[in-house]
Visitor: 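Next up is a structure, given as structure tokens.
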Amino acid sequence: MELTRRELVAAFLGASVASACTRHQAARAPVPGAIVDRAVDTGHKLRGGPLPRAQSFEPVDVLIVGAGAAGLSAAWRLSAAGVKDVRVVELEAEAGGTSRSGRNGVSAFPWGAHYLPSPLEDRGPVMRLLREMDAVTGVDAEGHPSFAEELLIQEPDERVFYKGHWYEGLYLRAGASAEDLAELERFDARMNGFAAARDAKGRKAFAVPGALSSDDAEWTALDALSMAQWMEAEGFRSPRLKWFVDYACRDDYGATSEHVSAWAGVWYFAARQNGKGERSDGFLSWPEGNGRLVKQLASSLGPRQLETQVLVHTVEPGEDGCRVHALDARTGAPRAFQARQVVLACPRFVAAHVVAPWREARPAWMDAFVYSPWVVANLTVSAPPASRGFPLAWDNVFYESRSLGYVVATHQSLRQDARGPTVLTWYLPMAGADVKAERNQALSATYADWEALVMADLLPAHPGVGALAQRLEVQRWGHAMVRPQPGFLWGDARRAAQQSLGRHLHFAHTDLGGMALFEEANWFGVQAAERALAGMGRTSASWL
């Protein structure tokens with residue numbers, strides 16, 4: 001059994017973690033908890049045969065299918081334009097998608113995305129949302145916004161664990177050679193150059209959201225390479241720098257630098273800085289992470305405009321709108337809607353099963369969309385775990401693990417200084433090349449497996465955390481985020497997927513942007529709402 005468990009840890013987290021696991025797991029009482037996700041069972045009904053259909057239809061002006069960040073952004077935009085008859089239906093029991101959050105007696109905590117990089121410029125729908133939240137405190141003479149101090153990540157913000165000690169920051173400077181540091185300086189200079197680059201139309205080479213970036217071949221040619229290939233071609237071979245870049249790819253894209261487009265890799269480092277080495281004002285975060293953003297979006301809806309546990313299984317576009325068939329996921333009772341406009345805010349692999357014409361003739365571009373599975377676990381502890389070296393930070397990263405480490409839910413309130421209870425949110429991107437195998441592995445592991453894996457990852461850095469652990473809850477995301485693989489971001493498939501189907505069916509999701517980020521979800525949600533407004537003959541100043 002000991003060998004089997006060690007093999008399991010090695011498969012998920014790496015050999016170095018498995019080695020440490022043997023020393024730290026002995027005589028440890030298991031942490032009580034559970035796997036909390038359930039929607040995968042209901043969602044897989046889409047793969048079966050015909051589902052029952054209702055005979056009567058509920059009329060609605062705009063039906064939005066999916067209450068993640070993109071769907072709620074569409075609803076938010078439509079509500080602001082004065083559209084009253086908007087309905088949002090969602091499969092899960094709660095809205096939010098991968099920005100969903102949870103709460104217990106200790107704190108709120110994220111189940112997915114946990115921060116938003118503060119925007120560099122005072123424009124676009126994200127800035128509108130932040131102003132609604134009173135997050136913006138001012139704008140300087142150059143148009144750069146500033147944000148509420150209590151929302152910006154407080155120091156210490158980041159640290160990395162390596163061979164028994166914690167070190168400040170994410171780049172491991174301890175023990176770095178002169179050659180390592182010279183490569184880092186050269187890499188930073190290259191990223192600054194990319195950030196400062198503009199095309200003949202004045203567009204940034206790398207902008208947020210990605211749709212605002214230059215489409216000049218000088219920059220888009222990077223999409224043909226992987227980030228690892230680009231690093232090698234540029235002579236960036238320092239193991240520390242390569243780890244740093246690989247971490248960035250796993251963090252934002254759920255894949256290693258070998259499977260991430262060089263354009264996306266450069267975008268990560270260049271899009272959110274001014275070209276002078278100065279990045280945006282910082283990260284904005286809340287105990288519940290981006291759950292706070294989706295709560296704000298959802299606040300634009302009335303109590304009967306958002307329905308959860310509704311499985312939409314068929315969307316039939318027609319001349320006068322769309323017929324939409326669904327099931328009540330709680331009772332199995334069929335429902336149907338007749339909508340003038342539909343925004344389908346779900347990933348492409350779901351849309352392939354839902355859009356009726358695509359069942360008959362699956363679009364060729366569909367297979368270009370590849371999704372990384374993730375696992376997120378929230379561990380409630382009676383006190384922050386003790387550390388050797390640099391003190392507890394908001395983001396705590398393990399250098400020798402395939403996980404991303406954990407964030408501290410109560411960091412912004414500084415409650416860890418009082419040694420009170422907190423929640424540690426642990427992240428594991430399943431970043432292997434074979435996403436189907438990774439997904440099957442993630443979904444087949446039991447709670448006991450995940451409990452052993454999470455604790456094996458934490459114990460080398462925090463030997464006493466087992467005595468502090470009170471409860472562990474695990475969320476598996478089988479298709480958490482689209483992968484910006486080489487050739488995908490500037491290829492034909494992604495562009496084709498963004499097009500509306502006829503005059504009444506529009507699409508919104510982060511996968512349309514190729515990068516699973518809040519800014520992309522918000523952009524495509526608002527864009528789909530703009531198309532729905534046009535389809536209804538409504539005029540309103542564009543937010544894009």
Side-chain angles (χ1 to χ4, degrees), residues 5 8-14 17-18 20-21 24-25 28-40 92 94 96-115 161 250-251 254 287-291 372-382 384-385 392 394-398 401-411 421-431 438-439 441-462 465-481:
R5 183 68 74 198
L8 181 73
V9 174
F12 278 86
L13 302 176
V17 179
C21 169
H24 293 285
Q25 288 276 32
R28 181 184 65 79
V31 181
I35 293 174
V36 298
D37 59 271
R38 292 290 179 270
V40 64
E92 296 271 13
E94 296 180 13
T98 54
S99 290
R100 200 162 68 245
S101 61
R103 179 180 291 274
N104 60 19
V106 172
S107 176
F109 47 79
W111 278 123
H114 59 280
Y115 67 91
F161 182 76
R250 291 185 295 123
D251 184 32
E288 65 269 42
N290 287 8
S372 291
W374 279 64
V375 175
V376 181
N378 276 292
L379 177 68
T380 303
V381 290
S382 58
L392 186 68
W394 168 67
D395 193 10
N396 306 269
V397 176
F398 301 137
S401 174
R402 290 177 184 153
S403 83
L404 298 178
Y406 62 90
V407 296
V408 180
T410 57
H411 179 80
T422 190
V423 179
L424 311 180
T425 305
W426 177 89
Y427 292 89
L428 176 66
M430 307 291 286
E438 294 276 76
R439 187 173 299 117
Q441 195 174 35
L443 296 179
S444 63
T446 65
Y447 170 76
D449 293 332
W450 286 116
E451 190 273 346
L453 287 162
V454 173
M455 297 307 290
D457 208 30
L458 293 172
L459 281 164
H462 304 297
V465 71
L468 304 173
Q470 297 180 325
R471 182 169 176 81
L472 177 70
E473 294 185 327
V474 179
Q475 170 80 45
R476 306 162 303 171
W477 297 102
H479 303 80
M481 54 178 18

Visitor: Quick check: do His462 and Leu468 have side-chain heavy atoms less than 4.5 Å from each other?
Guide: no

Visitor: Which heavy atom of Pro110 sits nearest to which heavy atom of Pro287, and what is that distance?
Guide: CD-O, 3.4 Å

Visitor: To the nearest 0.5 Å, what is the distance between OG on Ser401 and CG on Leu13?
Guide: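 Nearest 0.5 Å value for the OG-CG distance: 4.5 Å.
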
Visitor: So how far is it from Ser403 OG to Leu453 CG, rounded to the nearest 0.5 Å?
Guide: 10.0 Å

Visitor: Please name the pair of heavy atoms, one in Ala409 and one in Thr422, separated by the smallest distance, quoted to 0.1 Å.
Guide: N-OG1, 4.2 Å

Visitor: Does any part of the side chain of Thr425, heavy atoms only, come nearer than 4.5 Å to the side chain of Tyr406, both counted from C-beta?
Guide: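 SC-SC contact between Tyr406 and Thr425 ruled out.
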
Visitor: How close do Ala469 and Leu379 get, heavy atom to heavy atom, and via which atoms?
Guide: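 Reported closest heavy-atom pair: CB-CD1, 3.9 Å.
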
Visitor: Taking all non-hydrogen atoms of both residues into account, name the closest pair between Gly478 and Arg439 and its distance.
Guide: O-NE, 2.5 Å

Visitor: Before you tell me yes or no, could you show the steps for Val397 and Leu404 under side chain to side chain contact (heavy atoms under 4.5 Å, CB included), namely the whole-Å CA-CA distance, both residues' side-chain angles and the distance that decides it to 0.1 Å?
Guide: CA-CA 6 Å; Val397 176; Leu404 298 178; 5.9 Å; no

Visitor: Who are the side chain to side chain contact (heavy atoms under 4.5 Å, CB included) partners of Gln470, not counting sequence neighbours?
Guide: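 Side chain to side chain contact (heavy atoms under 4.5 Å, CB included) list for Gln470, sorted by chain: Thr380, Ser382.
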
Visitor: Using modelled atom types and a 3.5 Å cut-off, is there a donor and acceptor pairing between side-chain atoms of Arg402 and backbone atoms of Ala11?
Guide: yes

Visitor: Which heavy atom of Trp450 sits nearest to which heavy atom of Ala445, and what is that distance?
Guide: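 What the structure gives for the nearest pair is NE1-CB, 3.4 Å.
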
Visitor: By side chain to side chain contact (heavy atoms under 4.5 Å, CB included), which residues pair with Ala431, not counting sequence neighbours?
Guide: Arg250, Thr256

Visitor: Looking at CG of Leu458 and CZ of Phe161, how far apart are the two atoms once the value is rounded to the nearest 0.5 Å?
Guide: 10.5 Å

Visitor: I want to check something: taking the side chain as every heavy atom from C-beta on, are Tyr447 and Leu472 in contact at a cut-off of under 4.5 Å?
Guide: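 With C-beta onward as the side chain, the pair touches.
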
Visitor: Does the Ser107 side chain pair with the main chain of Phe109, one donor and one acceptor, at a distance under 3.5 Å?
Guide: no

Visitor: Please answer whether the main-chain N or O of Gly254 pairs with a side-chain N or O of Ser372 as donor and acceptor at a distance below 3.5 Å.
Guide: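 Flag set: sc Ser372 to bb Gly254 pair under 3.5 Å.
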
Visitor: Output all residues satisfying salt bridge (Lys or Arg N to Asp or Glu O under 4.0 Å) with Arg471, sequence neighbours left out; order by chain, then residue number.
Guide: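 Scan of Arg471 (salt bridge (Lys or Arg N to Asp or Glu O under 4.0 Å), adjacent residues dropped) gives Glu473.
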
Visitor: Kindly write out the residues that satisfy ring-ring contact (aromatic ring centres under 6.0 Å, His included) with Tyr115, not counting sequence neighbours, or none if the list is empty.
Guide: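 ring-ring contact (aromatic ring centres under 6.0 Å, His included) list for Tyr115, sorted by chain: Phe283, Trp394.
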
Visitor: Which heavy atom of Ile35 sits nearest a heavy atom of Thr446, and at what distance?
Guide: CD1-C, 4.0 Å

Visitor: Can you list everything that forms a side chain to side chain contact (heavy atoms under 4.5 Å, CB included) with Met430? Sequence neighbours excluded, please.
Guide: Phe12, Pro373, Leu428, Glu438, Gln441, Ala442

Visitor: With sequence neighbours excluded, what pairs up with Thr98 under the side chain to side chain contact (heavy atoms under 4.5 Å, CB included) test?
Guide: Trp477

Visitor: Look only at the side chain of Asn290 and the backbone of Ser99, and say whether a donor-acceptor pair between them is shorter than 3.5 Å.
Guide: no

Visitor: About how many Å separate CD of Glu92 and CH2 of Trp111, when rounded to the nearest 0.5 Å?
Guide: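 Answer rounded to 0.5 Å: 12.0 Å.
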
Visitor: The test is side chain to side chain contact (heavy atoms under 4.5 Å, CB included); show your working for Thr410 and Val423 and say whether it passes.
Guide: CA-CA 7 Å; Thr410 57; Val423 179; over 6 Å; no

Visitor: Given the rule in the side chain to side chain contact (heavy atoms under 4.5 Å, CB included) test, do Val407 and Asn396 qualify, once you have shown the distances and angles that lead to the verdict?
Guide: CA-CA 6 Å; Val407 296; Asn396 306 269; 5.7 Å; no

Visitor: To the nearest 0.5 Å, how far apart are NE2 in His411 and CG in Leu392?
Guide: 8.0 Å

